[in-house]
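Presented below is the structure to which this report refers.
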Amino acid sequence: MSYESRRNLTRSTADIRRFMVARAIAGRSYSEILRWLEAMEAITPKNHRALLATPPRDPDPESRWQLTVVRDMLLSPVMRGHLVKKDGTVVRTADGSPVLQGEPLIDDDTWFKLQDALTLLATGNSGPRRKDGHPLLGILVCRICDTNMYVDWYAESTTKRDPATGKKVKIPTGVKKEVFRCFGKNHEAGVAALSIQAAGVMEFVEEQFLAHMGPFRRTQIVRVPGVDYRAEIADLEADIAELSTRLAQLRGPAADAVMTQLQGRSDRLEELAVTPVVPAREEVVELDTTWADDWRSTVDTRARREMLMEAGVRVTVHPPETVSAFVALGDRLCQTWGQSVRLTPIFINLYHALRSFGKRVLV
């Protein structure tokens, strides 16, 4: 096998590992990841080793992915670029630091997210997954119970008088219309469900959003990841115990070498013990573009929903005051902005006040 072929093979298997990590963090089980690997006919570790051998060996057509292999790969420090022994333990340098065999496949923050996800998977606390969704999910809520509105459909009909009986009857038009509906499960007894026709709602939200937020620089709350050193501390404590046992059995230069490793591990443990967990924090970052620029640059409903969520937009649907009369969309919808856009509401109010003042002066 040529050098370039080996590089391509290694690169492809690295990508497979990263996809496995992403699926595990997303809450996929070992079985689901295994089925995904089988569906894409990913090369098994056994056949990967065979192709990289010198000289290369023929792949085993009977080689299959196993759950234990998937689990061990996700738990292996190889993901962090560490060199490991056959028993899975990390190879260390003279001062006890992990020996790196190459570039890490994932960064430290992703590694700790992965370990948290695998812990949840092992304990069965991963929770239910969402199967619903629409462009305003989490934004459009019922005024009565303060819960999300969901997409539903209803069959349109017209009312005509039956010439034979003189009574009014409903006649289906064959047209189905989309509505946002709260089914009223959390309403008090006697309080009906709530719905509003979907037509015009997104346009109303867009108009209000661009009018109030459009001229301003977009802000995002960026999560600066924390670091959890507790796993490393546990490793250090185990290393110190092992090295201490070995030191008692050695003399001369060998004892000096182990003593250097022991001191290095001890110094690192003392350093980490001061702050074993560095918590994540949030920072507000101002972007170079305005909210209107980013909104108009995409037609992707998911991207626009994310922008509304970032801006803390909340649209409340009020019950109609009357059923018979036409109710304007703006009379049933109330749009507000939350604390996600920090400081911006102050400038929003000032901006609109100045605009209003300018119009009066021009008139």
Side-chain angles (χ1 to χ4, degrees), residues 1-91 97-122 126-127 129-131 133 220 222-228 231-232 235 280 298 300 302-303 306:
M1 179 180 291
S2 67
Y3 172 74
E4 188 61 31
S5 298
R6 287 171 178 265
R7 282 190 60 189
N8 292 337
L9 178 61
T10 302
R11 188 181 300 117
S12 65
T13 52
D15 289 339
I16 289 172
R17 280 183 178 253
R18 293 190 186 98
F19 284 127
M20 291 170 64
V21 169
R23 279 165 170 74
I25 292 176
R28 300 292 186 266
S29 67
Y30 293 130
S31 297
E32 290 174 308
I33 296 173
L34 183 144
R35 287 195 294 271
W36 172 78
L37 290 166
E38 291 176 335
M40 69 175 297
E41 297 182 351
I43 185 171
T44 63
K46 179 180 179 180
N47 285 340
H48 179 254
R49 291 191 297 270
L51 291 176
L52 292 181
T54 305
R57 301 189 301 272
D58 292 333
D60 179 4
E62 301 299 322
S63 178
R64 298 288 183 270
W65 283 94
Q66 304 294 332
L67 285 177
T68 53
V69 173
V70 174
R71 183 197 62 201
D72 292 345
M73 287 177 67
L74 290 171
L75 290 169
S76 174
V78 169
M79 294 283 189
R80 305 174 75 185
H82 294 176
L83 180 64
V84 298
K85 305 174 187 176
K86 288 185 177 181
D87 60 1
T89 58
V90 177
V91 179
S97 301
V99 174
L100 299 180
Q101 65 174 352
E103 291 293 326
L105 297 179
I106 56 177
D107 57 31
D108 286 343
D109 185 47
T110 304
W111 168 260
F112 289 114
K113 286 181 181 178
L114 173 62
Q115 300 315 301
D116 290 342
L118 297 181
T119 299
L120 288 175
L121 184 61
S126 55
R129 302 189 187 103
R130 272 217 113 96
K131 295 182 180 179
Q220 284 184 331
V222 178
R223 180 181 180 273
V224 179
V227 181
D228 189 343
E232 185 177 351
D235 288 341
T298 181
D300 181 27
R302 290 177 296 180
E306 288 176 3

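For the single chain, residues carry numbers from 1 onward in sequence order.
- The two residues Ala24 and Ala117 make their nearest non-hydrogen contact at O-CB, 3.5 Å.
- Nearest heavy-atom pair across Met73 and Trp65 is SD-CZ3, 3.4 Å.
- In this structure, the side chain of Arg64 engages the main chain of Pro61 through a donor-acceptor pair within 3.5 Å.
- Using a 4.5 Å heavy-atom threshold, the side chains of Leu100 and His82 count as touching.
- Taking 4.0 Å as the cut-off between side-chain N and carboxylate O, Asp116 and Lys113 do not count as a salt-bridged pair.
- Between Val227 and Asp108 the shortest side-chain heavy-atom distance does not fall below 4.5 Å.
- Annotation: the span from Met20 atom CE to Ile33 atom CD1 amounts to 6.0 Å, rounded to 0.5 Å.
- Open room surrounds CG on Asp58; 12 or fewer heavy atoms of other groups in view lie less than 6.0 Å from it.
- Trp111 and Leu75 make their closest contact through CH2-O, 3.4 Å (heavy atoms, listed as atom of the first residue, atom of the second, distance).
- With values rounded to the nearest 0.5 angstrom, Lys46 atom NZ is found 4.0 Å from Asp60 atom CG.
- Proximity of Gln101 to Val78: side-chain heavy atoms (C-beta onward) are separated by under 4.5 Å at one or more points.
- Annotation for Leu118 and Tyr30: closest pair CD2-OH, 3.5 Å, computed over non-hydrogen atoms.
- The two residues Glu32 and Gly27 have their closest heavy-atom pair at OE1-O, 4.3 Å.
- For Phe112, the CZ atom is densely surrounded, since the number of other residues' heavy atoms within 6.0 Å is greater than 12.
- Here the straight-line distance linking atom OG of Ser76 with atom CZ of Arg17 works out to 6.0 Å at 0.5 Å rounding.
- Considering only heavy atoms from C-beta on, Leu105 stays 4.5 Å or farther from Val21 through its side chain.
- Arg23 forms a cation-pi arrangement with Trp36, by the criterion of a distance under 6.0 Å to the ring centre and an angle within 45° of the ring axis.
- Residues Leu74 and Leu114 come closest through the heavy atom pair O-CD2, 3.3 Å.
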